[in-house]
Protein chains: 6
Amino acid sequence: MTKPFYYEDYTIGAKRTTLGRTITETDIVLHAGQTGDFYPHHMDQEWCKTQPFKQRMAHGTLIFSVGVGMTAGDINPEAMSYGYDKLRFIHPVFIGDTLHVNVTIQEKRAHPKRPQQGIVVEHVEMVNQEEQVVLACDHLLLVNKTPVSEEK
Amino acid sequence: MTKPFYYEDYTIGAKRTTLGRTITETDIVLHAGQTGDFYPHHMDQEWCKTQPFKQRMAHGTLIFSVGVGMTAGDINPEAMSYGYDKLRFIHPVFIGDTLHVNVTIQEKRAHPKRPQQGIVVEHVEMVNQEEQVVLACDHLLLVNKTPVSEEK
Amino acid sequence: MTKPFYYEDYTIGAKRTTLGRTITETDIVLHAGQTGDFYPHHMDQEWCKTQPFKQRMAHGTLIFSVGVGMTAGDINPEAMSYGYDKLRFIHPVFIGDTLHVNVTIQEKRAHPKRPQQGIVVEHVEMVNQEEQVVLACDHLLLVNKTPVSEEK
Amino acid sequence: MTKPFYYEDYTIGAKRTTLGRTITETDIVLHAGQTGDFYPHHMDQEWCKTQPFKQRMAHGTLIFSVGVGMTAGDINPEAMSYGYDKLRFIHPVFIGDTLHVNVTIQEKRAHPKRPQQGIVVEHVEMVNQEEQVVLACDHLLLVNKTPVSEEK
Amino acid sequence: MTKPFYYEDYTIGAKRTTLGRTITETDIVLHAGQTGDFYPHHMDQEWCKTQPFKQRMAHGTLIFSVGVGMTAGDINPEAMSYGYDKLRFIHPVFIGDTLHVNVTIQEKRAHPKRPQQGIVVEHVEMVNQEEQVVLACDHLLLVNKTPVSEEK
Amino acid sequence: MTKPFYYEDYTIGAKRTTLGRTITETDIVLHAGQTGDFYPHHMDQEWCKTQPFKQRMAHGTLIFSVGVGMTAGDINPEAMSYGYDKLRFIHPVFIGDTLHVNVTIQEKRAHPKRPQQGIVVEHVEMVNQEEQVVLACDHLLLVNKTPVSEEK
């Protein structure tokens with residue numbers, strides 16, 4: 001469950017796909033409870049009927065949190081998540097939608113100050129059961145380089 | 001609770017601050033349960049004692065979700081959240097830390113294609129009880145411009 | 001978010017209305033879990049089919065708790081809730097019902113012993129999507145009077 | 001688990017006492033999540049330190065809901081809860097307090113319009129580990145009278 | 001709520017039946033969250049449609065935990081649960097199934113080493129709304145024998 | 001995440017160990033809520049102080065459910081869990097204990113009626129931070145045999 005994986009071990013273009021998960025009414029109610037966001041977009045079925053989308057939508061932070069959780073697999077002690085760029089909510093997620101996540105290694109770049117580490121950018125896309133992308137972001141990992149032996 | 005607020009109504013440099021909230025062990029257990037992320041960094045007190053930070057840390061997505069929830073106030077029907085840039089996890093959050101959020105209107109810019117809407121960038125900082133910034137991001141809002149009367 | 005509001009500031013007959021919220025099966029399951037009340041009226045769909053109402057009902061304490069929570073808005077540091085009178089469960093609430101709360105300032109009266117405080121009675125009604133009152137109660141607030149300047 | 005108990009079967013002055021239950025931080029976090037009440041009195045440990053009570057307090061509706069749940073025992077198909085009078089929050093409840101409930105049959109009275117039913121008033125007191133009453137209320141039950149045989 | 005019940009008080013063949021409880025989508029989502037088991041059999045509606053059972057199934061440990069909880073009634077201070085034998089998942093449980101539990105005293109036997117205690121075996125069956133047994137197990141209780149008076 | 005693994009692929013004596021997880025007060029409160037078991041052994045800190053173990057204990061079904069969840073790794077489409085034997089609660093689990101699970105392939109045996117499947121018995125032990133076994137059981141898996149090619 002713990003597998004060291006160094007900067008050099010990441011290959012640009014490598015892809016992985018997670019299992020799927022159905023977003024339920026329960027998930028929305030629990031997320032409102034965790035965050036305190038009880039906006040009618042998520043919690044008021046009658047109001048939603050008067051809106052263009054006609055039904056309750058999942059919170060953006062719910063979908064993002066579930067997506068990040070779904071990509072958690074083996075623990076890489078050589079990498080550290082330090083942020084996300086270009087997080088976009090592209091398509092609403094409704095109760096009963098089933099999502100999975102596609103992750104692609106998109107870029108590797110030097111760290112401006114730390115020669116022993118590099119930055120790996122994973123492009124993350126969450127996709128629903130109709131193959132629509134609902135959320136996209138770039139996940140930035142700070143990854144150790146393979147230690148160089150100092151012996152001759 | 002619903003207050004229309006147009007693109008022109010946002011002032012660069014305007015600030016608001018939320019109430020505070022203590023992050024509890026319960027929040028971490030519930031977030032693991034919502035996301036499926038049971039990494040030992042969050043769930044295994046004994047393993048954490050062997051690590052530099054010595055104790056369990058909150059999930060990044062928990063802190064982000066709680067922070068976004070805390071900024072939810074009046075509903076602005078003229079604005080729509082469409083994403084976040086430069087989301088960074090700056091300092092770990094531990095059980096018992098109390099966080100609040102500072103929001104500053106940082107930038108207003110034209111939308112490349114939609115003349116009736118503009119983009120407002122809110123800079124979001126979550127701060128702990130020792131005034132350390134634990135998370136920062138830029139929240140992008142797509143906001144309607146004030147309707148122009150066509151009458152003379 | 002914190003707004004001082006003194007006894008003198010309350011006007012009899014003033015009304016406010018909350019946003020709406022749909023009561024879900026999740027709410028009922030969570031409330032059973034919080035209270036330990038697993039009576040078949042709330043938890044056993046088959047038994048409920050044999051009863052006059054034909055379906056599971058929300059717990060009275062769930063509806064009351066949600067209603068009180070929905071009325072929580074700005075914090076008034078000059079007021080303290082000290083109780084409720086005439087709490088009545090008037091109409092059952094079923095899964096999928098959407099409720100909002102109407103609050104009316106009904107009465108102001110002197111406190112029998114504390115000249116610096118008065119009692120404000122808010123009449124609270126929870127209403128479903130068919131405009132039926134499902135719950136009513138009187139909420140008693142102990143409110144500070146506007147401080148009198150002691151300067152001449 | 002289902003025991004018919006008629007109006008005539010209630011004896012004024014009869015008492016029962018429930019098991020105890022410790023109120024936890026988890027209960028407060030879950031109740032905030034169920035109700036949407038994230039007031040700092042319940043959720044912000046740092047702010048509470050600046051207040052007279054120095055620590056987070058349980059929501060009144062949490063204590064009431066737990067207390068009502070604790071009194072749920074056998075189901076009496078001849079009785080129906082229709083409300084509460086004089087619900088008072090007498091003493092704050094803090095994390096770690098252990099509560100039990102004392103119920104006393106206080107009054108029996110005729111129903112103004114229904115000769116086949118009567119009203120039974122249970123006086124409910126919730127008590128903490130130091131024998132302080134933290135909450136009191138009168139629970140009103142509408143109870144069927146023993147059916148009268150029509151045979152001669 | 002506490003009733004002493006000694007080894008001698010158990011009668012082979014005695015039966016009791018619990019109230020019923022409907023298994024909801026919420027229960028499954030909460031159990032996934034408590035256990036970390038997010039297998040698609042429980043969480044991915046689309047994948048389940050491709051499987052013989054066509055829909056999401058409850059976790060075995062959910063059904064077992066709920067069943068054990070349903071049989072908890074009066075507390076017997078003279079008995080201690082020390083395990084289960086032959087726990088079998090006989091029929092899948094789907095969202096909306098309503099279960100109850102039948103318990104039969106099946107066997108009493110001497111404890112190999114403790115003359116003051118005996119072992120009581122309860123046979124537990126969980127049954128759905130179509131009278132299908134979904135789970136069965138043998139619950140082993142270590143029960144004190146009636147104390148023998150030492151007086152003459 | 002899905003790896004076919006046939007009856008022949010299991011080796012007696014093979015072992016695996018899971019990550020660890022700390023059992024929290026939150027887990028106990030949530031499990032009481034899921035199962036309806038609010039016995040004072042789990043929920044009443046004051047009563048527990050009067051008992052030999054002096055503190056609240058986790059429910060047996062909580063520990064079992066968490067343990068089973070912790071062993072869930074890759075999905076083996078060739079195996080099906082059909083039950084557990086000799087489930088024993090060996091040592092109480094208290095709030096703050098950190099558990100992991102050791103699994104050993106203990107036995108392989110023919111299925112009495114199905115020649116294409118065999119039974120694999122995994123011995124499961126849950127261990128706390130002091131290396132005490134808190135729970136043990138035998139997990140029975142029904143596993144497909146490697147398909148035999150019918151071609152000559």
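Proteins come first, then strands; the chains are lettered A, B, ... in the order of their sequence lines, and each starts at number 1. Every heavy atom of this structure was used, including side-chain atoms; hydrogens, water molecules and symmetry mates were not.
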**Message:** Ignoring hydrogens, what is the shortest heavy-atom contact between Ser65(D) and Thr61(C)? Give both atom names and the distance.
**Reply:**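 Smallest interatomic distance, heavy atoms only, reads OG-CB, 3.5 Å.
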**Message:** Test your reading of the model: is there a side-chain donor-acceptor pair from Asp85(C) to the backbone of Lys86(D), 3.5 Å cut-off?
**Reply:**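 Yes; at least one donor-acceptor contact below 3.5 Å.
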**Prompt:** Around Lys54(C), counting heavy atoms of other residues, nucleotides and ligands shown, do more than 12 lie under 6.0 Å from its NZ?
**Reply:**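 More than 12 within 6.0 Å, yes.
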**Item:** Contacting moiety of Leu135(D), where chain C heavy atoms sit under 4.5 Å
**Value:**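 Neither part, no heavy atoms under 4.5 Å.
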Atom [atom1] of [X] and atom [atom2] of [Y]: how far apart are they, to the nearest 0.5 Å?
X: Thr35(D); Y: His31(C); atom1: OG1; atom2: NE2; answer: 10.5 Å
X: His41(D); Y: Ile75(C); atom1: NE2; atom2: CD1; answer: 6.0 Å
X: Leu62(D); Y: Gln34(C); atom1: CG; atom2: CD; answer: 5.0 Å

**Which of Phe89(D), Phe38(D), Phe64(D), Tyr39(D) touches chain C most, by non-hydrogen pairs under 4.5 Å** =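 Max contact count across the listed options: Tyr39(D).
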**Prompt:** Within a strict 4.5 Å, meaning less than it, do heavy atoms of the Leu87(D) and Cys137(C) side chains meet?
**Reply:**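 No - every pair of side-chain heavy atoms lies 4.5 Å or more apart.
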